[in-house]
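Scroll down for the structure; my scribbles are underneath it.
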Amino acid sequence: MSTPTPASILLIYTGGTIGMIQNPETGALTNFNFDRLLQHVPEIKHFNLDIFAYAFEPPIDSSDMNPDSWSELVSIIYSNYERYDGFVILHGTDTMAFTASALSFMLEGLMKPVILTGSQLPIGALRTDGKENLLTAIEIAAAKNPDGTPIVPEVCVFFHEKLMRGNRTTKISAENFDAFESNNYPILAHSGIEINYNKHFIKPYDPNSVLVPHYAMDSNIIIFSLFPGIGPNIVTKILQNTEIKGIIFRTFGSGNAPQSPWLTEALTEATRAGKVIVNITQCSTGSVKMHLYETGCQLLDAGIISGNDSTVEAALTKLMYLLGRGLTPDAIRSEMKRSIAGEITL
Ligand code: ASP
């Protein structure tokens, strides 16, 4: 009987706290190189896996991530797609949810695991959470069903015992090890003594799916958040800005806004001018339902579309992706209402 070939994993290191070290002079955390990071995890050699590494040069704090870095990740994954069974991306936690969301749209037809992880403490620190996160992320990226298909053929974030659909995640803590939440979708797996997969909620494997990479993201978008007392002077000017093509409009509760005529007029004018305005609640759980209150109905009349139960990260990157594809405002509005990569519950 022949021994099965070990799964092969590509580990992509972008930067973030996991690979940082304290500068003895300033006390600030700065990046150190990937080989030194791996020296802190000798356990990696005990996996019966072929693990290869690719490092961003130089590694970056995730505050410096941008659409070009996402394109670079898409290009690395696309050009190595046939060679590897799964991908693990080491990433700073601050913008990990944005990157995970962006990749879920940019990697159309993905049928292999792409698992993002990082840590709250550097991997060299005594109480680091980085080792556990990294080792489990690798195990998940290599996990297969008895028929050889990947268990998790989608973009995910693994952090502190939880595997989550990437475009459902949000960073919720700047200090707890349990730093990410998937507020509107069940977790895909929990890791304790064993990794228990919640298979019902994981994207089903489709053998006929073909990976189509998308590289263009249009970031002519703003996130506009309401607050009680908001006035017309600045807002009207921003809504009239011709450079802006899309607006993530953060509203109250189930998608409500003040009934001030100036606001309704400015929003109506903006949608008529071709801007796509997406209503996302300021609440961290639940969904936009604009028909529930009069304060929401006026937004429907103004041509604003519901972002449903999407995270801000997913709505923003989805809009960037759709604008990047050069679709018309109406086509973008209808795509925003559809679930492209499991980012909204319909
Ligand atoms: N500032 C860091 C980053 O996002 C924080 C972290 O990795 O936890 O790159």
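Counting starts at 1 for both ligands and their atoms, in listed order.
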Discussion item. Tell me whether the rings of Y185 and F201 are parallel (<30°), tilted (30 to 60°) or perpendicular (>60°).
Written reply: perpendicular
Pairs of nitrogen or oxygen atoms, one from ligand 1 and one from the protein, closer than 3.5 Å: please tabulate them with distances.
{"unit_1": "ligand 1", "atom_1": "1 (N)", "unit_2": "D61", "atom_2": "OD1", "d": "3.2"}
{"unit_1": "ligand 1", "atom_1": "1 (N)", "unit_2": "D61", "atom_2": "OD2", "d": "2.9"}
{"unit_1": "ligand 1", "atom_1": "1 (N)", "unit_2": "D94", "atom_2": "OD2", "d": "2.9"}
{"unit_1": "ligand 1", "atom_1": "4 (O)", "unit_2": "S62", "atom_2": "OG", "d": "2.5"}
{"unit_1": "ligand 1", "atom_1": "4 (O)", "unit_2": "T93", "atom_2": "N", "d": "3.3"}
{"unit_1": "ligand 1", "atom_1": "4 (O)", "unit_2": "D94", "atom_2": "N", "d": "3.0"}
{"unit_1": "ligand 1", "atom_1": "4 (O)", "unit_2": "D94", "atom_2": "OD2", "d": "3.3"}
{"unit_1": "ligand 1", "atom_1": "7 (O)", "unit_2": "T17", "atom_2": "N", "d": "2.9"}
{"unit_1": "ligand 1", "atom_1": "7 (O)", "unit_2": "T17", "atom_2": "OG1", "d": "3.0"}
{"unit_1": "ligand 1", "atom_1": "7 (O)", "unit_2": "T93", "atom_2": "N", "d": "3.0"}
{"unit_1": "ligand 1", "atom_1": "8 (O)", "unit_2": "T17", "atom_2": "OG1", "d": "3.1"}
{"unit_1": "ligand 1", "atom_1": "8 (O)", "unit_2": "T93", "atom_2": "OG1", "d": "2.4"}
{"unit_1": "ligand 1", "atom_1": "8 (O)", "unit_2": "S119", "atom_2": "O", "d": "3.3"}
{"unit_1": "ligand 1", "atom_1": "9 (O)", "unit_2": "D61", "atom_2": "OD1", "d": "3.2"}
{"unit_1": "ligand 1", "atom_1": "9 (O)", "unit_2": "S62", "atom_2": "N", "d": "2.7"}

Item to complete: Could you list who else is in L292's hydrophobic cluster, with ILVMFWY side chains joined at under 4.5 Å, directly or through other members?
Response: Y293
Discussion item. Does atom OH (Y78) have a neighbourhood of more than 12 heavy atoms from anything else shown, all under 6.0 Å?
Written reply: no
Item to complete: Measure the acute angle between the ring planes of Y321 and F105, then classify it against the limits of 30° and 60° as parallel, tilted or perpendicular.
Response: parallel
Discussion item. Does the Lys NZ or Arg CZ of K112 fall within the cation-pi geometry relative to F87 - under 6.0 Å from the ring centre and within 45° of the axis?
Written reply: no
Worksheet item: Do F52 and Y84 have ring centres separated by under 6.0 Å?
Response: yes
